[in-house]
Amino acid sequence: RSAIFLHPDGMGANTWMAARLMQVGPDGRLHWDQLPRVAMYVGPTADAVNQSSNAGATTHAWGVRARLDSYGTIDGQTPVAASGKPLSLMREAQAAGKKIAILNSSSLTEPGTGVFLASVANRDDEAEIAAQILAAAPDIALGGGETFFLPKGVQGRHGEGSREDGRNLVEEARAAGYTLVYSREELAALPATAERVIGLFAREETFNEGSETALAEAGLPHFQPQAPRFDEMLGFILERFRQAPQGYFIVGNEEASDNLSGENNAPATRDAVAGADRAIGLALAEVRNNPALTVIVASDSDNGGMNATSDDLYDPEDLPRPLPARTAVGSPLDSDNGAPFLTPPDRDGNRIPFYITWASDSDSAGGLVARGIGPGAERIGGTIDATEIYKALYLGLFGVELR
């Protein structure tokens, strides 16, 4: 029994719709669309109608309703999980002999993956989070965040360290038997015998955060070229975990879809979603060869409120050309440098014009959707609380139904 939990952060159903239109067109379907189990995801915290990244991850990792400031703790205490054990789901899987791995397009300390291995009172204590991740001894950890593994004054591959305690976690990791890699080329060159691997592919995030204008002015791509993309990282892990005798548990967080939608950057969000969707495709391919594998895909928030529309585009009197920066009611309007975006051809060969409107620059409850496939995904249906993600993964990993 194995499980993969993929968390494309910040994505409501509306974001998936906009990304689908941009990637494959009105009649195309994403890998995400091929996951057969579907549920509306309701994710309030104990003190807010929406989740924060750290609160959502705490709920996913422990199966309990968290508070907005939670990072593997609730009111300063490490919770008892829904299984009744004082362990996160990943630590319980590890204790059962399963291989474990995390991957993140942001820093490894980012909550979507970090909470599965670390518990702190303050999510900004990334030095402590990094230390706890290393102490937890995952088989593989791939992402950014090199700065939190090195002391201040020590130059790494991607910049200077920021730890205040003088610890060099890179040296500690090597002493513990890990192979350290810093680029997609180094990752791809590792032999199959390298089973304990830490990848630190950027100083912090592996993407460049900013609006379309800001990134263009700085001459920066959406993703940093030295770093592997989300799907590449997952593919590396699957190659090494496929034959694990006791199974495995992988948690992946695509953070770019959250941060770049928060910047109201539609093309960059599309690129982030495309990487997440390719990763879902890899997970679906694994399911075809392993019926004991459960795959769950969910986001805990809708960041930015990304929506696609063709309204007004067919009446030249309604919208000027180039398209304005805002709609008549003041919502940010995203276009292709003043022109409408065009979908890939539909079934009749038509490329349909559309533009993007944004509702905000932050997280909201949104129209959130959980999807899945495999034994544990039988719990995904109808309308579910965020705590159900843990229970579905638990069923997939251990064959045990939790109430």
Return the [atom1] to [atom2] distance between [X] and [Y], rounded to the nearest 0.5 Å.
X: Arg240; Y: Asp139; atom1: CZ; atom2: CG; result: 12.0 Å
X: Lys391; Y: Leu393; atom1: NZ; atom2: CG; result: 12.5 Å
X: Ser183; Y: His158; atom1: OG; atom2: NE2; result: 7.5 Å
X: Asp363; Y: Asp300; atom1: CG; atom2: CG; result: 7.0 Å
X: Ile296; Y: His60; atom1: CD1; atom2: NE2; result: 10.5 Å
X: Glu92; Y: Ile100; atom1: CD; atom2: CD1; result: 12.0 Å

Partner residues of Ala268 under the side-chain contact (heavy atoms from CB on, under 4.5 Å) criterion, sequence neighbours left out: His222, Leu260, Asn265
Pi-cation contact, Tyr71 with Arg123 (under 6.0 Å, within 45°): no
Think Arg229 forms a cation-pi with Phe223, using NZ or CZ under 6.0 Å from the six-ring centre and within 45 degrees of its axis? yes
[Y] and [X] side chains, donor-acceptor separation under 3.5 Å:
X: Ser105; Y: Glu254; result: yes
X: Asp258; Y: Asn303; result: yes
X: Arg351; Y: Thr343; result: no
X: Thr45; Y: Asp47; result: yes
X: Tyr41; Y: Thr383; result: no
X: Thr213; Y: Ser211; result: no
X: Asn253; Y: Glu255; result: yes
X: Asp311; Y: Thr309; result: no
X: Asn54; Y: Ser70; result: no
X: Thr387; Y: Thr59; result: no

For the backbone of [Y] and the side chain of [X], can you confirm whether one donor and one acceptor N or O come within less than 3.5 Å of each other?
X: Ser364; Y: Asp302; result: yes
X: Lys98; Y: Arg1; result: yes
X: Arg278; Y: Val273; result: no
X: Asn259; Y: Ser257; result: no
X: Asp346; Y: Asn350; result: yes
X: Ser261; Y: Gly304; result: no
X: Arg270; Y: Ala19; result: no
X: Arg37; Y: Ala377; result: yes
X: Gln224; Y: Gln226; result: no

Nearest heavy-atom pair of Glu164 and Lys152: which atoms, and what distance? OE2-NZ, 3.2 Å
Should Leu402 and Leu395 be marked as a side chain to side chain contact (heavy atoms under 4.5 Å, CB included) after you check the CA-CA gap, both sets of side-chain angles, and the distance that decides it? CA-CA 8 Å; Leu402 297 175; Leu395 175 60; over 6 Å; no
What donor-acceptor contacts under 3.5 angstrom involve side-chain atoms of residues 328-336, with partners at least two apart or in another chain?
unit_1: Asp334; atom_1: OD2; unit_2: Ala266; atom_2: N; d: 3.0
unit_1: Asp334; atom_1: OD2; unit_2: Trp358; atom_2: NE1; d: 3.1
unit_1: Ser335; atom_1: OG; unit_2: Gly338; atom_2: N; d: 3.0

Parallel, tilted or perpendicular: rings of Tyr394 and Phe398 (30°, 60°): tilted
Which pairs, with at least one residue in residues 15-24 and sequence neighbours excluded, count as a side chain to side chain donor-acceptor pair (under 3.5 Å)? Arg20-Asp33
